[in-house]
K.L.:
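The structure follows.
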2 protein chains.
Amino acid sequence: MVVFAGQGDARRSMSLLWRVPGSGAARGGRGPKPGLSVDVIVDAAIAVADADGMAALSMRAVGERLGRTGMALYTYVPNKGELVDLMYDRALAELPADYDLEAGWRPAVTSWAEDTWEFYLRHPWVLQVSQARPVLGPNEYVMLETLLAILRETGLDAAVVRRVVGTLFHFVRGAAQTVTESREAATATGVPDEEWWQTRSALLREVVPDFFTRFPMVAWLESDTAPPAEDDATPFLEREARRTFEVGLDILLDGIHAAVRRAGVAVLSPAGSAAGREE
Amino acid sequence: MVVFAGQGDARRSMSLLWRVPGSGAARGGRGPKPGLSVDVIVDAAIAVADADGMAALSMRAVGERLGRTGMALYTYVPNKGELVDLMYDRALAELPADYDLEAGWRPAVTSWAEDTWEFYLRHPWVLQVSQARPVLGPNEYVMLETLLAILRETGLDAAVVRRVVGTLFHFVRGAAQTVTESREAATATGVPDEEWWQTRSALLREVVPDFFTRFPMVAWLESDTAPPAEDDATPFLEREARRTFEVGLDILLDGIHAAVRRAGVAVLSPAGSAAGREE
DNA sequence: TGCAACTCCTTATGGCATAAAGTAATCTCT
DNA sequence: AGAGATTACTTTATGCCATAAGGAGTTGCA
């Protein structure tokens, strides 16, 4: 389930996101005292989504957590989409906003990716907020600013950095998503990863007896499965996803490194001085 | 006989996916002739999802396209989730199943990524099928087999190839997703990308007057925006996503290349000859 | 011929977002 | 002080959704 940005009044949603003074509930002091606030509602909504997932996030569920009906929320928030945008931007505030660049961009990007990964695992529903038309809230920009401050160190030009940012996000989000989705599947069905895989692969062998002759490369791939460490109780899909994250990140960083070196050569060698940057 | 959670269903779903003979509708020839079939239903469902998106895929919508009620489908398919799995595996059959390896793995992976990208744009709903616990249908395995046949050429060992596969998928899916989501947003809201961006950025400047001092790196990034080619009418979020796909893929392939070279060195100098890792 | 097996329909049930309208609380203005 | 305006929140209703339950009609085999 992908959740789209609220499509209502763009001005109102921007004002809510950036906390423009006059836009709160208390404008004229006329009617009864507001018992809630946008912040309280957003917090409650995040709590619901963290606990039970995006699918369980309903206006009613949030209202009930605050001792109200679902409809009460519409006094503060124009619609559910807008609420999700607010949740998204609020959650983003948790992310660290600067990284040590002493050792260069590479360890900094690694830390950034690690923190982002953990953030997604902490708030799986964030991965279901559409990326195409960004929310454009303050914390989204802080996050972007943070990553850009690291990537500036590569010396790559803006056009390339833009794509590197996109690539990093696609990768981290995708890797984290396999973890959150497998967790969701486990709790939703009540069947843990190991049991699921055992049942399915046994069934597969039964239903498709010639499996390994039909798919020799898959057979080769599976031949490699290393047993988990004794003391590691992580479900195996999560373990796989984690390894993909680690190895994939290194590959990605090697790729960026190659781009940096190429750009460095291009920049340093036109004048003539034989460029031996880094290493 | 003890039935594990989901196991009975698992057998049925595997039989449906792999088209096990006895599992079709016509077993005893007793009642009225079946007017539909799983295949017809799956095709109709794909047509609905292609045309109106995953959100519009309801049992009723599929039934109506076939001149039935929504409930009629439950005779053929146990539930909506199963139908989606069948749609997924069926759609996957469109993908090419082998690639020319004359010129090595790199151009082959590039073609593969390109084809996969186009496939996702053709069937945006596919990106909403969870990846964590794979469907394990025949075409999913064909797809995997195809990619593995290419990656075997790298000479990397299975453990690494497994991660490379994951990384490639995360990347291509993520990049394609920004396109499909921005298209969906455009049709859902009726506001095209350009207009959306113009409205929002004007609003942003109004609501946050000190934007560019607060976010200098973002300012730097935006300074770079190249105007689109005269004859290019692609919405700009799509254009951005496409560039990210192209540049990101190259970066990724450079990273894989580095891994291959490293592994090659490791293999060639195992005995101890002080391996001067790259350059 | 009659029943079992089968397809497909109608009719709940309980969920969802949200529109519309009602109730009660609290302010400002007279 | 009292009236009207304004606001918070509730109730009710609309029209979606998946799917459970049960019923109607069709067909082939005993």
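Computed from a predicted structure; not experimentally measured. Labels below follow one simple rule: chain letters A, B, ... track the order of the sequence lines, proteins then strands, and each chain is numbered from 1.
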K.L.:
I want to verify a distance call: between C:dA17, D:dT19, C:dT10, whose nearest atom is closest to the B:N79 side chain?
P.N.:
D:dT19
K.L.:
As a test of reading the structure: which of C:dA17, C:dC8, D:dA18 is closest to the side chain of A:K80, going by heavy atoms?
P.N.:
C:dA17
K.L.:
Taking CG from A:L36 and C1' from D:dC9, how many angstroms apart are they, rounded to a whole number?
P.N.:
9 Å
K.L.:
Under 3.5 Å, is there a donor on one side chain and an acceptor on the other for B:Q131 and A:T178?
P.N.:
no
K.L.:
May I have the distance from A:E64 (atom CD) to C:dC16 (atom C1'), rounded to whole angstrom?
P.N.:
13 Å
K.L.:
Using heavy atoms to find the nearest nucleotide of DNA chain D for A:G67 and B:S58 separately, return the residue whose nucleotide is more 5′.
P.N.:
A:G67
K.L.:
Under a 3.5 Å distance rule, please check whether B:R90 uses its side chain to pair with a backbone N or O of B:D39 as donor and acceptor.
P.N.:
yes
K.L.:
B:M54 has an atom CE; how far is it from atom P of D:dC16, in whole Å?
P.N.:
21 Å
K.L.:
Look at all strands and tell whether A:M71 reaches a base, only sugar-phosphate, or nothing, counting heavy atoms closer than 4.0 Å.
P.N.:
base
K.L.:
Tell me the interatomic distance from B:M59, atom CE, to C:dC9, atom P, rounded to whole angstroms.
P.N.:
13 Å
K.L.:
When you compare the side chains of B:H123 and B:E94, does any donor N or O come within less than 3.5 Å of an acceptor on the partner?
P.N.:
yes
K.L.:
Hey, does A:A72 reach any base, or is it just sugar-phosphate, or nothing, if we go heavy atoms under 4.0 Å?
P.N.:
base
K.L.:
Out of C:dT18, D:dA21, C:dT28, which has the shortest distance to the side chain of A:R30?
P.N.:
C:dT28
K.L.:
Measuring from the side chain of B:R60 (C-beta onward, heavy atoms only), which nucleotide among C:dA17, D:dT11, D:dC16 has the closest atom?
P.N.:
D:dC16
K.L.:
Is the phosphate of C:dC8 approached by B:Y76 (side-chain N or O, under 4.0 Å from OP1 or OP2)?
P.N.:
yes
K.L.:
Between B:R162 and A:E240, does any NZ, NE, NH1 or NH2 come within less than 4.0 Å of an OD or OE carboxylate oxygen?
P.N.:
yes
K.L.:
Just the rounded figure in Å: distance from C1' of D:dT6 to NZ of A:K33.
P.N.:
12 Å
K.L.:
Could you tell me if A:S13 and B:R200 have a donor-acceptor pair between their side chains, going purely by distance under 3.5 Å?
P.N.:
yes
K.L.:
Can you work out whether B:R68 or A:P32 has the more 5'-proximal nearest nucleotide on DNA chain C?
P.N.:
B:R68
K.L.:
Categorize A:G70 for me: base, sugar-phosphate, or nothing, with a 4.0 angstrom heavy-atom threshold over every strand shown.
P.N.:
nothing
K.L.:
So does B:T69 get a side-chain nitrogen or oxygen closer than 4.0 Å to the phosphate oxygens (OP1/OP2) of C:dC9?
P.N.:
yes
K.L.:
Measure the distance from CG on B:L73 to P on C:dC6 and round it to the nearest whole Å.
P.N.:
19 Å
K.L.:
Take the protein atom CG of B:L66 and the nucleotide atom C1' of C:dC8, then report the distance between them rounded to whole Å.
P.N.:
13 Å
K.L.:
Just the rounded figure in Å: distance from C1' of D:dT19 to CG of B:L83.
P.N.:
14 Å
K.L.:
Among D:dA8, C:dT18, D:dT7, which nucleotide has an atom closest to any side-chain atom of A:T75?
P.N.:
D:dA8
